Chemist: 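Please see the structure below; I have some questions.
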Amino acid sequence: MAKGFYISKNMGLAGLLMGAVAVVIIIALAAVYDKEKTKNQNKPVDGVAMLTTASPTTSSTLSTPKDPWEHYRLPDSLSPVSYNITLWPRLVVNASTGLYIFTGQSAVVFQCKKDTDLIVIHCNKLNLTLLNGHHARLTGLDGATAPTVKTSWLQVKTEYLVIQLNGKLTAGKSYRLSTDFQGELADDLKGFYRSEYTEDGGKKVVATSQMQATFARKAFPCFDEPAMKAVFHITLIHQRGTVALSNDGTEVTMTRFEPTKRMSTYLLAFIVSDFDHITGSIENNNVRIWARRKAIAEGHGNYALNVTGPMLNFFERYYNASYPLSKSDQIALPDFNAGAMENWGLITYRETALLYDPAISSVGNKERVLTVVAHELAHMWFGNLVTLRWWNDLWLNEGFASYVEYLGADYAEPTWNIKEQTILNDVHKVFAVDALASSHPLSRKEEEVNQPDEISEMFNTISYSKVLYVLEHLLQQGSLCSRTSPTFAFNNTVYSDLWDHLQKAVLTTPGMSLPHTVHDIMNRWILQMGFPVVTIDTATGHITQKHFLLDPDSVVDRPSPYNYTWLVPIKWMKGGVEREQHWLLQETGISNATGSEWVLANLNVSGYYRVNYDMDNWERLLNQLTTDHTVIPLINRAQIVDDAFNLASWKLMRLYLSQERDYIPWESALRNLNYYILMFDRGQAYGVLQGYLKMQITPLFEYFRTITVDWTRVPTGHNDQYNQINAISFACRMGVERCRVLTSDWFREWMLNPDHNPIHPNLKTTVYCNAIAAGGVAEWDFAWQMFKNATVATEAAKLRSSLACTKVPWLLNRYLDYSLDPAKIRKQDCTSTINYIAGNVVGMPLAWDFIRARWNYIYTEYGGGSFSFSNLINGVTRRFSTEFELKQLKQFKEDNARVGFGSGTLALEQAIERTTANIKWVAENQEPVMKWLANECT
């Protein structure tokens with residue numbers, strides 16, 4: 001699955017701080033819908049009486065669960081073989097209930113692995129029709145005799161249908177369990193759900209699905225664990241004029257589909273809509289892009305179609321395996337909680353992640369489509385063909401897809417140099433989380449990940465981004481996945497299987513040698529959290545490693561079998577010449593990194609660690625950057641910037657950035673500088689900081705004004721276009737008058753002629769935001785009207801984020817209210833809208849008060865299991881840096897303990913830890929920063 005919560009690159013850049021020309025890298029940075037809307041039990045619908053039965057009385061004690069149905073993991077006594085599922089979604093409101101509903105029938109064939117008199121199968125929020133007085137009917141197959149049903153009930157907490165039998169199922173025999181059921185086709189973005197949109201003046205309804213991670217059980221009773229793979233026979237009943245889609249093959253009839261491959265429940269998908277499509281082909285496979293009819297007619301699916309074929313070809317070569325299916329459908333949905341979902345053969349996307357309109361969308365929107373499509377196509381092999389056994393190893397799915405997406409995207413758009421962005425989008429991003437004492441290992445213990453909320457919590461930056469540099473660069477094995485996929489095709493795997501195969505590869509690769517076994521090396525990186533900072537003393541050659549923590553005084557409660565030491569591969573250069581790789585195998589070591597020439601370690605950021613040096617070497621690196629920064633690799637320039645902020649002394653590299661023009665190092669600086677803004681923009685230090693940075697940004701702003709001929713041309717380079725956005729965004733934020741006039745004039749011109757937008761797509765987010773911030777009610781109301789009128793999702797997204805930029809408190813409060821009204825803001829966009837408001841210094845306290853006052857409602861209606869829920873907590877609290885805010889945060893945790901925090905539970909602990917570190921950092925650095933800036937300004 002693509003990262004569930006996405007802020008457009010333009011908006012991200014608009015929110016980051018731009019230090020220009022002579023800016024110094026100043027200081028070392030220490031820096032579910034779980035409630036049903038209506039209970040619809042006991043009401044006849046379409047002539048079928050619905051009834052649920054309570055579970056038998058069990059102990060209310062909080063001790064360890066004793067009965068199988070009290071555990072969140074399925075017993076190992078049964079294994080599914082196949083499902084035969086028929087679903088009928090109603091795309092009009094049911095007259096008797098006032099709800100959208102679906103009805104269905106399911107027959108699962110399973111094999112008994114151990115003699116048992118109990119059937120436990122997942123079932124959530126489904127009203128089951130009683131069959132002979134029970135919730136299901138059991139039939140023996142191939143001569144097996146099925147015991148009669150003794151009793152059955154729904155175990156709501158653990159989301160099971162439990163069936164006790166009068167006799168035992170026999171190991172080795174097969175049986176069929178049949179159920180009839182009804183569910184609500186709700187708008188909760190989970191299971192089988194409803195999406196709505198307006199086209200040609202009328203409302204249209206789509207029945208669609210999202211099963212990952214634990215929502216297939218909300219569509220039909222099933223063994224809903226990734227290792228419980230089976231073949232699915234799907235039939236969809238739907239009204240004339242609509243199109244039915246599912247995972248595999250061409251339609252035998254309008255509603256019946258070929259059997260799927262053997263696959264996990266979370267990869268299942270089915271959709272009924274009146275969408276249109278465009279078609280391409282790759283060898284014998286059909287490739288189709290589906291979307292709203294108007295979007296397809298206007299060509300918005302063309303770019304995705306054009307890059308899908310080449311990337312599928314690339315992945316077939318990379319994995320050394322043919323595409324496993326006969327077709328590849330990709331569909332853009334108006335309502336979708338994640339960025340995208342890798343359903344096998346029917347990939348679902350947000351519209352912003354699949355559709356691209358060159359007349360309206362930006363270069364960032366285009367890149368978003370490219371990378372998300374690449375990520376999901378990569379899953380067709382690693383994740384779908386070969387699947388993790390349990391969610392504690394989620395990185396086996398998402399980590400590999402996150403790495404391979406860059407390879408596929410680079411193949412499709414080779415001039416973009418997109419692989420260079422991994423240091424920004426993945427390494428530095430995961431560093432910020434993995435440096436916390438509340439982080440977690442890549443592979444957690446299975447017992448730590450059981451409940452649905454705990455599973456959702458695993459969909460985080462560590463699972464997606466850390467493995468990129470821990471694995472591929474560490475072992476330098478080339479196409480790692482191709483060595484594992486054939487062996488485990490259509491089955492499940494664990495991380496140790498991967499190590500076994502990589503060890504065989506090492507032993508059979510000429511010239512390949514490692515200082516320890518793959519197991520010994522890799523287990524230190526995936527079984528313990530965090531990462532080291534490697535310190536090199538060029539005066540003595542001594543090298544040391546230490547667990548890097550955002551707050552060095554924080555207490556690490558999670559024990560490590562390796563005492564937080566790693567086997568670290570160090571690629572390095574000296575005086576511009578690459579030297580032989582060195583392995584740091586203990587806490588300390590000796591190298592030949594001595595002498596008067598500058599030393600640079602972690603060449604091309606080939607390892608997952610930070611690097612610190614003695615001060616003399618820092619000065620030598622600064623001198624080289626100032627003299628000729630191109631001698632140092634581009635990615636390492638970004639690394640030096642980030643490590644300097646986090647490790648080094650105040651005044652390093654004060655002259656370097658005045659000569660830098662590449663986007664990657666600048667973006668690294670901006671993301672670090674943004675921390676200073678967040679810590680200081682509510683206090684007296686901000687005035688002098690803003691004044692200094694305003695003085696520094698003006699030359700860069702003028703540079704881009706010149707090369708674009710007064711903003712009439714677009715920079716030619718892909719990354720240069722991003723840096724232009726940086727320059728304008730920061731200049732306006734720091735109060736450069738020419739920037740304010742520029743953005744306000746453009747926006748006013750659009751207000752005078754709403755049918756003609758003069759603002760280039762690349763600059764829309766920056767211009768919208770700054771014009772609304774500088775304006776008042778008129779600008780906000782105009783933007784809101786344009787948002788409501790927008791028919792292209794990327795344009796709506798730009799306007800939605802920019803509406804949060806106003807400095808008028810009552811407008812922000814009104815916008816917060818809008819965020820919880822699905823008629824105004826789609827449910828998929830609720831949490832990100834609140835986060836946009838919290839990103840505004842005026843809006844932050846308003847958003848914090850808002851979610852505290854409404855936490856119970858937000859948690860219930862928008863789902864604690866939502867992948868984006870942790871982002872809500874992180875986003876609203878990222879400015880917290882006072883004892884009062886820390887006290888409020890802890891009180892918030894205490895007050896809502898009974899309600900819960902769902903997938904945001906870990907995020908709340910991390911927010912408390914970050915706030916504590918921020919308080920300490922501000923106390924130690926605010927006064928020195930003010931004095932230094934004051935001296936620089938004079």
Side-chain angles (χ1 to χ4, degrees), residues 1-2 4 71-83 108 110-111 113 120-124 158-160 190-191 209-232 247 260-269 324 338 341-348 376 378-401 442-460 463-464 467 481 484-485 487-498 865 867 903:
M1 178 180 292
H71 293 265
Y72 284 93
R73 294 293 300 275
L74 287 167
D76 61 358
S77 52
L78 307 177
S79 178
V81 176
S82 65
Y83 294 82
V108 54
F110 63 86
Q111 187 177 64
K113 298 296 185 181
V120 179
I121 187 170
H122 286 108
C123 183
N124 185 32
T158 47
E159 302 178 350
Y160 287 136
K190 300 174 185 176
S209 60
Q210 168 61 20
M211 306 307 188
Q212 195 180 51
T214 59
F215 304 134
R217 64 194 68 172
K218 189 172 170 285
F220 61 99
C222 57
F223 297 95
D224 199 12
E225 293 188 358
M228 296 287 190
K229 288 192 171 186
V231 174
F232 295 84
N247 295 76
T260 69
K261 304 295 184 182
R262 188 170 182 269
M263 57 184 279
S264 302
T265 51
Y266 80 86
L267 294 170
L268 197 63
M341 177 61 210
E342 65 269 19
N343 312 302
W344 214 3
L346 177 53
I347 306 172
T348 45
E376 303 311 321
H379 273 306
M380 299 301 104
W381 288 266
F382 219 109
N384 296 8
L385 183 65
V386 181
T387 309
L388 53 82
R389 188 177 70 186
W390 185 242
W391 300 107
N392 63 309
D393 277 336
L394 180 64
W395 67 272
L396 283 171
N397 278 19
E398 298 300 346
F400 275 108
L442 265 174
S443 285
R444 301 176 76 169
K445 296 178 180 178
E446 283 197 33
E447 58 266 27
E448 293 183 43
V449 185
N450 283 305
Q451 300 182 31
D453 288 347
E454 293 170 343
I455 294 170
S456 293
E457 206 169 53
M458 289 298 295
F459 288 80
N460 58 37
S463 296
Y464 278 83
V467 74
C481 303
T484 62
S485 293
T487 304
F488 294 96
F490 305 106
N491 283 301
N492 300 81
T493 188
V494 295
Y495 70 85
S496 57
D497 297 325
L498 179 60
F867 297 137
S903 63

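From a predicted model like this one, the values you see are computed outputs, not experimental measurements.
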Chemist: Closer than 3.5 angstrom, by distance alone: can the side chain of Asn384 be matched with the main-chain N or O of Glu342 as a donor-acceptor pair?
Modeler: yes
Chemist: For the pair Phe490 and Leu385, evaluate side-chain contact (heavy atoms from CB on, under 4.5 Å) and give the outcome as yes or no after the intermediate values.
Modeler: CA-CA 5 Å; Phe490 305 106; Leu385 183 65; 3.7 Å; yes
Chemist: Is there a side-chain contact between Ile347 and Met380, using heavy atoms and a 4.5 Å cut-off?
Modeler: yes
Chemist: Would Arg444 and Trp395 satisfy side-chain contact (heavy atoms from CB on, under 4.5 Å), going step by step from the backbone distance to the final call?
Modeler: CA-CA 10 Å; Arg444 301 176 76 169; Trp395 67 272; over 6 Å; no
Chemist: Of all the heavy-atom pairs spanning Ile455 and Asn450, show the shortest one and how long it is.
Modeler: CD1-O, 3.7 Å
Chemist: Identify which one of Glu225, Glu447, Glu454 satisfies the salt bridge (charged side-chain N to carboxylate O under 4.0 Å, His left out) criterion when paired with Arg73.
Modeler: Glu225
Chemist: Are the side chain of Asp497 and the backbone N or O of Tyr495 linked by a donor-acceptor pair below 3.5 Å?
Modeler: no
Chemist: Determine whether Arg389 and Glu446 make a side-chain contact, defined as any pair of heavy atoms from C-beta on separated by less than 4.5 Å.
Modeler: yes
Chemist: Is there a donor-acceptor pair under 3.5 Å between the side chain of Asn460 and the backbone N or O of Ser463?
Modeler: yes
Chemist: Could you tell me which residues satisfy ring pair (Phe, Tyr, Trp, His ring centres under 6.0 Å) with Tyr83, sequence neighbours excluded, listed by chain and number?
Modeler: Phe220, Phe232
Chemist: Leu267 and side chain to side chain contact (heavy atoms under 4.5 Å, CB included): which partner among Met211, His379, Met341?
Modeler: Met341
Chemist: We want to know whether Thr387 and Asn492 form a side-chain donor-acceptor pair, criterion being a heavy-atom distance below 3.5 angstrom.
Modeler: no
Chemist: Judged by atom type as modelled, is there a donor-acceptor pair below 3.5 Å linking the side chain of Asn124 to the main-chain atoms of Lys218?
Modeler: no
Chemist: Quick one: are the ring centres of Phe223 and His122 less than 6.0 Å apart?
Modeler: no
Chemist: For Ala401, does its backbone N or O pair with a side-chain atom of Tyr464 as donor and acceptor, under 3.5 Å?
Modeler: no
